[in-house]
Amino acid sequence: MTPPFNTPPAQPQPANTAGKKRRAALFPLRLFSIDHRIIGIQYLVLALISVVIGTVLSLLMRIHLVWPDWHLPLHGPILPEDYLALVTIHGTIMLFFVLTTAPQAGFGNLILPAQIGARSMAFPALNAASFWLTAAALLTLLSSTFVPGGAAISGWTAYPPLSAVASAGPGQALGMDLWLASIALFAIASTASSINTLTTIVRNRCHGMTWERLPLTVWGWFTAALLSIIAFSVLLAAILLLFCDRHAGTSFFLPTGDLVNGILHQGGNGSPLLWLHLFWFFGHPEVYIAILPGMGLTSMLLANFSHRKVFAYRTMILTTLLIGLLGILLWGHHMFVAGLNPFASSAFSISTMAIALPAAAKVLSWLATTWRSRPSYKTPMLFALGFVSLFLTGGLTGPILAQPILDEYLHNTFFVVAHFHLIMAMAGIFGLYAATYYWFPLLTATRQHPGRLLSEPLGHLHFWCTLVGAYAVFLPMHLTGLAGEPRHYAQLTGIPGPGGSLSPAGALLSHTLPLNRFITYAAIFLATAQLVFLFNLVRSLRKGDFASSNPWQATTLEWHPSMNPFTALAASDTPEMSVHRAPCHYQSNRSEVSFLPQWEPVPLALDEIEDATDTKPE
């Protein structure tokens with residue numbers, strides 16, 4: 001057996017001045033590099049910038065809901081159109097440029113080739129082009145804030161007919177065009193990146209890396225890439241049709257005789273329902289594009305830190321593919337209130353509840369993997385457990401929203417906001433944090449020095465504050481949603497009614513104000529807790545402890561010495577990578593833990609014993 005820990009590398013020698021000048025001269029070249037590691041880090045930096053912007057926008061929304069008369073410095077009062085623009089840009093940034101970009105493109109570029117024993121992505125130039133298209137998409141979106149009329153106010157769903165008419169109101173002219181251009185660029189970039197991911201997995205696997213030996217993280221990236229190619233292609237087509245409605249005189253989504261802002265639009269027989277079908281055919285798979293990589297990583301981390309094999313490994317592969325297949329067939333449950341016939345509603349309701357079966361199988365595997373183990377509660381393990389907790393909590397409300405009769409009341413209320421923020425946003429963010437703490441030594445390793453570790457005390461503080469803050473923000477939103485609070489109201493009080501008195505709607509929403517104050521305070525606490533992570537990140541980049549070549553006793557190929565820039569040999573001296581078994585081969589007793597990496601050759605008899613080891617908990 002391999003000893004429990006590898007020998008830590010020697011401390012690096014300070015780099016000489018000539019080397020520093022040479023690296024400074026090469027900086028522009030590295031900025032436009034086609035190296036997958038550099039591109040992965042660029043994606044992560046872009047996602048970090050995006051999440052900071054998105055978080056600030058969400059805090060402005062929460063503050064305005066509770067204190068509607070508050071004046072934004074250098075701006076003045078937040079008008080209803082300003083609030084809707086905040087909602088639109090926040091949702092777009094978080095969904096596309098954080099939850100899609102970071103796990104799939106960021107960590108996918110950084111880790112995926114190493115996990116399958118490849119030296120690079122299949123199409124390096126296309127890989128770099130995908131990143132710069134994504135960066136251009138983000139800049140295009142942010143620029144819409146500064147154009148005449150302001151940013152788009154249609155939400156990240158951009159429902160027509162209002163989004164199809166440039167004269168519909170503020171934010172629907174140039175701001176809406178820039179929003180469409182941004183999402184079109186992102187769709188092209190994501191499709192190209194997904195093609196690259198699939199080709200790399202199919203063609204570039206090293207010797208012995210069969211499909212059944214792929215880590216579950218790779219299966220998550222593989223399934224998410226399949227969904228991305230299908231879903232983003234449909235979204236791009238829908239955006240082109242909407243752009244034609246706005247500027248080419250077509251009527252794909254505009255019905256005959258539609259009166260918008262006092263202007264009667266005649267001709268054409270389009271339907272806004274066509275946009276709903278096309279958009280949600282993309283929109284629901286997008287949930288799994290964001291969450292599947294986190295599911296795969298969680299499975300691997302629970303096994304790693306519990307020193308166990310993944311329970312029912314082949315079943316976990318099957319459930320990943322099944323979630324991807326079912327996820328692309330459920331778009332109609334977003335349209336229960338849009339006039340679907342009862343048969344279609346029943347079909348989408350049943351299929352929505354059916355996806356709970358593979359999801360439940362994953363949860364049972366996670367529980368069985370950790371049952372009666374002696375786990376090591378390092379920070380990556382804590383965030384993996386937090387992922388399981390948030391995924392379960394958010395998933396419990398899924399079957400409720402899958403019932404058409406219940407969705408008619410809850411649709412477009414804060415109940416839905418709480419549901420998808422827990423199961424996708426917060427669970428996805430916890431998966432990203434788990435990946436960052438776990439792979440930070442690989443992210444920071446260079447030829448001059450080994451990788452560094454993030455601080456464990458700060459990591460534990462960050463985890464507990466984030467977990468408590470997440471539940472404090474989103475659990476009460478279920479109650480405000482049940483009380484009928486709608487999603488896109490810019491103000492909860494002061495809604496005038498007949499005779500100058502408050503309307504019934506205004507009186508209803510005023511009762512949720514105390515709970516909304518608590519949610520706002522919790523949101524400020526949650527955002528503040530992320531400063532602990534940023535401090536830990538900046539500090540550890542310069543002063544973090546140096547990591548050994550395999551600090552977590554991992555069995556997957558990204559921890560092989562040849563995949564670490566600090567310990568890698570020259571390309572001509574590197575032996576061909578070979579895989580001998582599936583990941584997560586561990587044995588533990590009261591005194592020690594032994595692990596068998598995928599690349600470690602062992603006698604045939606011992607390997608057969610390892611393969612026959614029962615994966616059930618003791």
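In what follows, residues are counted from 1 in the order of the sequence shown.
Judged purely by atom type and a 3.5 angstrom limit, N516 uses its side chain to pair as donor or acceptor with the backbone of T512. For the pair T100 (side chain) and L95 (backbone), a donor-acceptor distance under 3.5 Å is present. Formation of a donor-acceptor pair under 3.5 Å by the H462 side chain with backbone atoms of L458 is not found in this model. Judged by distance alone, with hydrogens and angles left aside, the side-chain atoms of T397 form no donor-acceptor pair with the main-chain N or O of T393 at under 3.5 Å.
I423 is not listed as a side-chain neighbour of L392, based on a closest heavy-atom distance of 4.5 Å or more.
Residues that satisfy the side chain to side chain donor-acceptor pair (under 3.5 Å) test with S455, not counting sequence neighbours, are absent from this structure. For F525, the side chain to side chain contact (heavy atoms under 4.5 Å, CB included) partners are C465, not counting sequence neighbours. With sequence neighbours left out, the side chain to side chain donor-acceptor pair (under 3.5 Å) criterion links S163 to no other residue. With sequence neighbours excluded, no residue forms a side chain to side chain donor-acceptor pair (under 3.5 Å) with Q104. With sequence neighbours left out, the side chain to side chain donor-acceptor pair (under 3.5 Å) criterion links W439 to E558. H64 meets the side chain to side chain contact (heavy atoms under 4.5 Å, CB included) test with P68, I78, Y83, A490; sequence neighbours excluded. The side chain to side chain contact (heavy atoms under 4.5 Å, CB included) check on H411 picks up V337, D407, with sequence neighbours excluded. Every side chain to side chain contact (heavy atoms under 4.5 Å, CB included) that L226 has, sequence neighbours left out, goes to L198, F222.
You'll find the ring centres of F97 and F186 inside the 6.0 Å limit. The ring of F474 has its center no closer than 6.0 angstrom to the ring center of H419. In summary, the aromatic rings of Y437 and W552 are positioned with their centroids too far apart to meet the 6.0 Å limit. Taking the six-membered ring where the residue is Trp, the centroids of F96 and F282 are separated by under 6.0 Å.
Screening H36, R37, Q42 against I39 for a side chain to side chain contact (heavy atoms under 4.5 Å, CB included) leaves a single residue, Q42.
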| said: What verdict does the side chain to side chain donor-acceptor pair (under 3.5 Å) test give for T88 and W156, after you've listed the backbone C-alpha separation in whole Å, the side-chain angles of each residue and the deciding distance to 0.1 Å? | reply: CA-CA 5 Å; T88 302; W156 77 279; over 6 Å; no
| field | Full working for side-chain contact (heavy atoms from CB on, under 4.5 Å) between F131 and L46 | value | CA-CA 9 Å; F131 167 75; L46 183 142; 4.0 Å; yes
| request: Go through the steps for M295 and I323 under the test side-chain contact (heavy atoms from CB on, under 4.5 Å), then give the verdict. | output: CA-CA 11 Å; M295 287 183 175; I323 286 175; 4.1 Å; yes
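Side-chain contact check for S58 and H90: no donor-acceptor pair (N or O, by modelled atom type) lies under 3.5 Å. In the model, Q530 has no side-chain atom that pairs as donor or acceptor with a side-chain atom of T55 under 3.5 Å. Side chains of K362 and T298: a donor-acceptor N/O pair is absent below 3.5 angstrom, by distance only. At a cut-off of 3.5 Å, with distance as the only test, a side-chain donor of S389 or Y471 sits close to an acceptor on the other residue.
The side chain to side chain donor-acceptor pair (under 3.5 Å) pairs that include a residue from residues 179-201 are T92-W179, where partners are two or more places apart or lie in different chains. For the side chain to side chain donor-acceptor pair (under 3.5 Å) condition, the pairs that include at least one residue of residues 126-143, sequence neighbours left out, are N109-N127. Among pairs with a residue in residues 171-200, those fulfilling salt bridge (charged side-chain N to carboxylate O under 4.0 Å, His left out) read D177-R246, at least two apart in sequence or across chains.
Atom CH2 of W464 is surrounded by 12 or fewer heavy atoms from other residues, nucleotides or ligands within 6.0 Å.
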Tell me which donor-acceptor pairs under 3.5 Å the side chains of residues 377-388 have, and how far apart each pair is, sequence neighbours excluded?
| from | atom 1 | to | atom 2 | distance (Å) |
| --- | --- | --- | --- | --- |
| T379 | OG1 | E456 | OE1 | 3.0 |
| T379 | OG1 | E456 | OE2 | 3.3 |

